[in-house]
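Contents: one structure, followed by commentary.
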Amino acid sequence: MRLSRYFMPTLREAPADAQIVSHQLMLRAGLVRQEAAGIYAWLPLGLKVLKKIEQVVREEMNRAGAIEILMPTLQLADLWRESGRYDDYGEEMLRIKDRHDRDLLFGPTAEEVVTDIFRSYIKSYKDLPKNLYNIQWKFRDERRPRFGVMRGREFLMKDAYSFDVDEAAARRSYNRMFLAYLNVYARLGLKAIPVKADPGPIGGDLSHEFMILADTGESQVFAHRDLVEMGAPGPDIDWFGDLEPEVARRTSLYAASDEMHDEARFAAMPEDKRMTARGIEVGHIFYFGEKYSKPMKAMVTGPDGKDVPAQMGSYGVGVSRLVAAIIEASHDDAGIIWPASVAPFGAAVLNLRAGDAGCDAVCETAYAALTAAGLDPLYDDRDDRPGAKFAAADLVGIPWQLIVGPKGIAEGVVELKTRATGERQTIPLDAALKAITG
RNA sequence: CGGGGCGUAGCGCAGCCUGGUAGCGCAUCUGCUUUGGGAGCAGAGGGUCGCAAGUUCGAAUCUUGCCGCCCCGACCA
């Protein structure tokens, strides 16, 4: 993309409304524009990042055996009356009437809809397990939206729903999502730790929140230090084999957020292993059994010929929240530092003297080569000063900056800067291209 | 929802206390000079001062109501 033809409105100063660094940088780098409290328009750069995160989530869900569908944002109130949640959900639910005076709502989540889909088609234990997910906009009319897209009212969520014939099978479904989530965060360059979460009225131990560590996190996290560095299981595990040992290895170490914190257990750990930090919740998984299947009569016939309600679990990832969370975890004074997996462009070509024949020619060559290599480069061909280009490239956080100026041209070299480290090398163009394309 | 703060040009702010018809920086446009970390000079455009009512000869400024946004808290299957 040539920047002269693109739409990337950057701001030198952050709007006063933005208090936390990710929100400030998202506005300054032109990722989003606020339309109302907790409601944002996604500008080109922000949309690219959002789509990339979405794709990582999609790939890891698919790998773990989940199947993508797309459910509507507007849902019928009648379904929620079946589950009993229409009255329970309260003011957070945005309620709407259509022209026939029929009650609709903007979905804050989709248990009812997915259960309705499931019960319409699946009747036998032989068709289980099933895990259906979608990546769709949700609306929760939060009392106090804040921190930009971190806690918006409208937000993009990946929500998956598992269906099994009994609790043991549901636990296996749960384990698949548990490990798949760790892979998602690892691919996004995040260190996520699974913490024990409040399982709600169902009880048991099958509920975890995934927290990434950042000073601006809304939750306090207490955890065994080793969990942070344990890493993800990777894509090559046997997803439909026995995952229990792999999950147990990660859940046996202490980790809890404030509401589940057990000071005695925490204090029992060696002092150098105790870690206290702020965390951002970027995922929540749990098993809730028959909570929806029973009232909504989502029944399957078991091997013994008897009908039982499906055992369900649900698994959420805040996709739009992850954009902010990644920035919180990865930035410096100059701007955002995107992990390569979600960077809006793979590399930037900075023409320090647009209009100079030599600079133009080298930049065009580099731009074509990077495009051909699939890097999706951003070419800053604007008639502007070098300082403005450096500042913009740093701000929007593109991993590689290929800097082309008249000084280097005279000596047959360009400069290659790595955004994350600030490291620069002055080398011939072909060497720079090779370094970028690997 | 309780508490606090703020709404003045696209962004950041001053002016308000003590009423006299709106200003600064950045950004934008034009010209010239510049060109390796957000350039300099000269000129130009852009504002129902959140909305409404009131007080007053006169309101960005004082009063009242409403709306919007932000922060803290509570809340967050």
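Just so it is clear: chains get the letters A, B, ... in the order the sequence lines come, proteins before strands, and each one is counted from 1. Everything quoted here is computed from the prediction, not taken from an experiment.
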**Request:** With sequence neighbours excluded, give me every salt bridge (Lys or Arg N to Asp or Glu O under 4.0 Å) pair touching residues 425-438 of chain A.
**Result:** none
Just the table, please: protein N/O against nucleotides 9-16 of chain B N/O, every pair under 3.5 Å.
from  : atom 1 : to    : atom 2 : distance (Å)
B:C11 : O2'    : A:E13 : O      : 3.4
B:G12 : OP1    : A:A16 : N      : 2.4
B:G12 : O4'    : A:E13 : OE1    : 3.4
B:G12 : O2'    : A:E13 : OE2    : 3.3

**Asked** Within the structure shown, what part of the strands sits under 4.0 Å from A:F147 by heavy-atom distance: base, sugar-phosphate, or nothing?
**Response** sugar-phosphate
**Request:** May I have the distance from A:I20 (atom CD1) to B:C70 (atom C1'), rounded to whole angstrom?
**Result:** 12 Å
**Request:** Using distance alone, with no hydrogens and no angle criterion, decide if A:S207 and A:H284 have a side-chain donor and acceptor under 3.5 Å apart.
**Result:** yes
**Message:** Mind checking if A:K138 touches a base, just sugar-phosphate, or nothing, with heavy atoms under 4.0 Å?
**Reply:** nothing
**Request:** Taking the six-membered ring of A:Y86 (Phe, Tyr or Trp), confirm whether the NZ or CZ of A:R81 is under 6.0 Å from its centre and within 45° of its axis.
**Result:** yes
**Request:** Rounded to whole angstrom, note down the C1' distance from B:A77 over to B:U64.
**Result:** 43 Å
**Message:** Can you tell me the base-pairing partner of B:A77? Count Watson-Crick or G-U wobble geometry only, both distances below 3.5 Å, and say none if there is no partner.
**Reply:** none
**Item:** Touch class at under 4.0 angstrom, heavy-atom based, for A:G316 against every strand present
**Value:** nothing
**Prompt:** When rounded to the nearest Å, what value does the distance between C1' atoms of B:C67 and B:C29 take?
**Reply:** 35 Å
**Message:** Can you check the distance between B:G25 and B:C41, where both ends of the measurement are the P atom (answer in whole Å)?
**Reply:** 10 Å
**Fill in**
When both distances are under 3.5 Å in a Watson-Crick or G-U wobble arrangement, the nucleotide paired with B:A39 is B:U33
**Asked** So, A:Y174 and A:S162: side-chain donor and acceptor under 3.5 Å apart, yes or no?
**Response** no
**Message:** Categorize A:A36 for me: base, sugar-phosphate, or nothing, with a 4.0 angstrom heavy-atom threshold over every strand shown.
**Reply:** sugar-phosphate
**Message:** Taking the C1' atom in each of B:U35 and B:G40, what is the distance between them to the nearest angstrom?
**Reply:** 12 Å
**Request:** Scan residues 347-365 of chain A against RNA chain B and write down, sorted by residue number, each residue with any heavy atom closer than 4.0 Å; if none is found, say none.
**Result:** A:L352, A:R353
**Request:** Taking all non-hydrogen atoms of both residues into account, name the closest pair between A:Y315 and A:S173 and its distance.
**Result:** OH-C, 4.0 Å
Would you tabulate the pairs of protein nitrogen or oxygen atoms and nucleotide nitrogen or oxygen atoms of nucleotides 27-32 of chain B closer than 3.5 angstrom?
none

**Prompt:** Where the side chain of A:T109 is defined as all heavy atoms beyond and including C-beta, which of B:C76, B:C71, B:A77 is the nearest nucleotide?
**Reply:** B:A77
**Request:** Considering only atom C1', compute the distance from B:C24 to B:U63 and round it to an integer number of Å.
**Result:** 30 Å
Can you give each donor-acceptor pair under 3.5 Å made by side-chain atoms of residues 357-364 of chain A, sequence neighbours left out, with the distance rounded to 0.1 Å?
from   : atom 1 : to     : atom 2 : distance (Å)
A:D360 : OD1    : A:N351 : ND2    : 2.9
A:D360 : OD1    : A:G355 : N      : 3.1
A:D360 : OD2    : A:G355 : N      : 3.2
A:E364 : OE1    : A:R2   : NH2    : 3.1
A:E364 : OE2    : A:R2   : NH1    : 2.9

**Item:** Nucleotide opposite B:A27 in a Watson-Crick or G-U pair, distances under 3.5 Å
**Value:** none
**Prompt:** By salt bridge (Lys or Arg N to Asp or Glu O under 4.0 Å), which residues pair with A:R153, not counting sequence neighbours?
**Reply:** A:D141
**Prompt:** How is A:Q34 classified with respect to the nucleic acid when contacts are heavy atoms under 4.0 Å: base, sugar-phosphate, or nothing?
**Reply:** sugar-phosphate
**Asked** When the ring planes of A:F210 and A:Y185 are compared, do they come out parallel, tilted or perpendicular, using 30° and 60° as the limits?
**Response** tilted
**Whole-angstrom distance between B:G15 and B:A9, as gauged at atom P** = 15 Å
**Fill in**
Here the distance between atom P of B:C70 and atom CD of A:Q19, to the nearest Å, is 10 Å
**Message:** Under a 3.5 Å cut-off for both contacts, is B:A14 paired Watson-Crick or G-U wobble with anything, and if yes, with which nucleotide?
**Reply:** none
**Request:** Using the P atom on both, measure B:U30 against B:G20 and round to a whole Å.
**Result:** 38 Å
**Message:** Under a 3.5 Å threshold, yes or no: a donor from one side chain and an acceptor from the other, between A:E112 and A:Q75?
**Reply:** no
**Message:** At 4.0 Å (heavy atoms only), tell me whether A:R28 reaches a base, stays on the sugar-phosphate, or touches nothing.
**Reply:** base
**Asked** Using the ring of each side chain (for Trp, its six-membered ring), is A:F266 parallel, tilted or perpendicular to A:F222, with breaks at 30° and 60°?
**Response** perpendicular
**Request:** Determine: side-chain N/O of A:R385 to OP1/OP2 of B:A39, distance under 4.0 Å, yes or no.
**Result:** yes
**Message:** Just by distance, no angles: are the side chains of A:D159 and A:Q136 close enough, under 3.5 Å, to form a donor-acceptor pair?
**Reply:** no
**Prompt:** Which base, if any, makes a Watson-Crick or G-U wobble pair with B:A22, both distances under 3.5 Å?
**Reply:** none
**Message:** Need to verify one output field. Residue with the more 5' nearest nucleotide on RNA chain B, A:P386 or A:G148?
**Reply:** A:P386
**Any A:V221 side-chain heavy atom under 4.5 Å of A:R278 side chain** = no
**Prompt:** What distance, rounded to whole Å, do you find between the two P atoms, one in B:U55 and one in B:A14?
**Reply:** 31 Å
**Asked** Which residue, A:E92 or A:R153, contacts RNA chain B at a nucleotide closer to its 5' end, judged by nearest heavy atom?
**Response** A:R153
**Prompt:** For B:C62, which nucleotide in any strand shown is its Watson-Crick or wobble partner with both distances under 3.5 Å?
**Reply:** B:G54
**Asked** Contact class for A:L27 (heavy atom, under 4.0 Å): base, sugar-phosphate, or nothing?
**Response** nothing
**Message:** Tell me which nucleotide, if any, is Watson-Crick or G-U wobble paired with B:G47 when both distances must be under 3.5 Å.
**Reply:** none
**Item:** Geometric class of the A:F163/A:F118 ring pair [parallel <30°, tilted 30-60°, perpendicular >60°]
**Value:** parallel
**Prompt:** With sugar-phosphate meaning primed atoms plus P, OP1 and OP2, does A:D88 contact a base, only sugar-phosphate, or nothing at under 4.0 Å between heavy atoms?
**Reply:** nothing
**Intermediate values then yes/no, side-chain contact (heavy atoms from CB on, under 4.5 Å), A:L206 and A:R171** = CA-CA 8 Å; A:L206 287 185; A:R171 188 177 190 100; 3.7 Å; yes
**Asked** So which nucleotide from B:C71, B:U34, B:A77 ends up closest to the side chain of A:R144?
**Response** B:C71
**Prompt:** Side-chain donor-acceptor pair under 3.5 Å between A:Y287 and A:D164, yes or no?
**Reply:** no
**Whole-Å distance separating the CZ atom of A:R151 from the C1' atom of B:A74** = 12 Å
**Item:** Base-pairing mate for B:C69 - Watson-Crick or G-U, with both contacts under 3.5 Å
**Value:** B:G5
**Message:** From CE of A:M93 over to P of B:C76, roughly how many Å is that when rounded to an integer?
**Reply:** 16 Å
